[in-house]
Amino acid sequence: MSRYTLRYFNIQGLCEALRLLLTASGVDWTEEHPEWPREKPNQPLGHLPVLVVSNADGKGELALSETLVIERYIAREYGLLPTDNLAAARQEQLRDQLHDVWSTHMEYMHSTGERSAELVTKFEQDAECLVGMHVAALQRNGNNGHYFGDALSYVDLAAYAFFKFFSNAGPRSLEAKIGLLDYTHIPEMSKLMAVVEASRSLEPYFAAEKVNGARLATRFK
């Protein structure tokens, strides 16, 4: 079996879904926090995250970049995405919607002036659409805490990471201004959060969080 090393900052950021995927897959993985920006030139595309894939003997290393590429590689490799292309695409479109809204928020955190105001409007519209689409998907599956079927899947973990991020993104966040992504006010999403937290395959993740505390959502305060 392959071994994995995740390189990223010690925050939730882009990587909490990937940490959940690696844990749920039961693989041998560790995490490194490169000194930044000193280590920037040593990354394949000059940014993080990076997943280093090694053979069991530690040889034959391959470094993968780009968050969604890494997530889908792990999800496919360990059965968290279906092998049927259409069924997989249904999960991937929901995951991409989460990523798009997250990216708008992060652009807002770096923006000023007119662009900042535009992003507030975009975030509000897109977050409202997201909640409607995801609630409908959970309802179609019987509101059992999963988007599809009755077992953990890629989109379950991605959604958990997304709503966890916005639950503690801080007073400067767009969610603090708008309040559309509070999962405690969305019964279907509250159910999903509880089901993920009760998953036996994720016990190491939550045990470590209990000892070390939850990571900060971002480096912004």
Side-chain angles (χ1 to χ4, degrees), residues 1-8 12-29 44-45 47-56 60-104 106 125-165 181 183 186 188-189 191-193 195-196 199-202 205:
M1 182 179 287
S2 299
R3 295 177 178 175
Y4 303 94
T5 303
L6 174 63
R7 298 176 187 160
Y8 194 58
Q12 292 176 41
L14 283 164
C15 267
E16 211 62 14
L18 182 51
R19 293 178 178 112
L20 288 161
L21 284 163
L22 288 163
T23 305
S25 299
V27 298
D28 182 0
W29 74 284
L45 299 182
H47 58 247
L48 300 175
V50 168
L51 185 71
V52 179
V53 184
S54 306
N55 296 332
E61 289 191 348
L62 170 68
L64 295 175
S65 292
E66 301 301 341
T67 305
L68 299 184
V69 170
I70 299 170
E71 287 181 5
R72 286 167 186 168
Y73 162 70
I74 293 295
R76 289 192 175 96
E77 190 78 359
Y78 296 101
L80 291 162
L81 262 177
T83 55
D84 178 80
N85 286 337
L86 182 57
R90 291 172 66 197
Q91 290 203 34
E92 290 173 50
Q93 73 170 350
L94 290 166
R95 196 321 174 220
D96 285 2
Q97 187 186 31
L98 295 167
H99 186 73
D100 287 348
V101 172
W102 185 92
S103 297
T104 297
M106 294 310 297
Q125 292 172 344
D126 291 352
E128 185 173 5
C129 177
L130 181 150
V131 170
M133 187 169 181
H134 285 246
V135 164
L138 290 164
Q139 289 175 342
R140 283 195 300 271
N141 197 47
N143 194 27
N144 65 351
H146 300 289
Y147 282 86
F148 301 97
D150 58 2
L152 275 183
S153 68
Y154 175 35
V155 70
D156 292 345
L157 298 174
Y160 180 89
F162 175 89
F163 283 92
K164 177 182 179 179
F165 175 93
L181 299 175
Y183 70 85
I186 308 169
E188 296 83 357
M189 199 55 64
K191 175 72 171 180
L192 177 138
M193 302 295 278
V195 167
V196 170
S199 172
R200 293 189 64 183
S201 65
L202 292 171
Y205 172 91

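Quick caveat, the model's predicted, so the values are computed rather than measured.
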pair [X]-[Y]: side-chain heavy atoms closer than 4.5 Å:
X: L138; Y: L192; result: yes
X: L152; Y: L202; result: yes
X: T67; Y: L18; result: no
X: V101; Y: F162; result: yes
X: L94; Y: F148; result: yes
X: L80; Y: S25; result: yes
X: R95; Y: Y154; result: yes
X: L51; Y: I74; result: yes

Taking every non-hydrogen atom, the tightest pair across [X] and [Y]:
X: Y78; Y: V27; value: CZ-CG1, 3.3 Å
X: A158; Y: A17; value: CA-CB, 3.9 Å
X: L6; Y: P49; value: CD1-CB, 4.2 Å
X: V50; Y: S65; value: CG2-OG, 3.7 Å
X: A159; Y: Y147; value: CB-OH, 3.3 Å

Quick check on [X]: does its [atom1] atom have over 12 non-hydrogen neighbours (other residues, nucleotides or ligands) under 6.0 Å away?
X: N143; atom1: CG; value: yes
X: N85; atom1: CG; value: no
X: E128; atom1: CD; value: no

List the steps and the verdict of side-chain contact (heavy atoms from CB on, under 4.5 Å) for V131 and M189. CA-CA 9 Å; V131 170; M189 199 55 64; over 6 Å; no
Answer yes or no: is there a donor N or O on one side and an acceptor on the other, between the side chain of [X] and the main chain of [Y], under 3.5 Å?
X: Y8; Y: L14; result: yes
X: D28; Y: S2; result: no
X: N144; Y: G149; result: yes

Between [atom1] on residue [X] and [atom2] on residue [Y], distance to nearest 0.5 Å:
X: T23; Y: W29; atom1: OG1; atom2: CH2; value: 5.0 Å
X: E16; Y: R19; atom1: CD; atom2: CZ; value: 5.0 Å
X: Y160; Y: F165; atom1: OH; atom2: CZ; value: 14.5 Å
X: L68; Y: H99; atom1: CG; atom2: NE2; value: 4.5 Å
X: L21; Y: R72; atom1: CG; atom2: CZ; value: 11.0 Å
X: S199; Y: L157; atom1: OG; atom2: CG; value: 7.5 Å

Given the options Q139, E188, Q97, H134 meets side-chain hydrogen bond (donor to acceptor under 3.5 Å, both in side chains) only with Q97
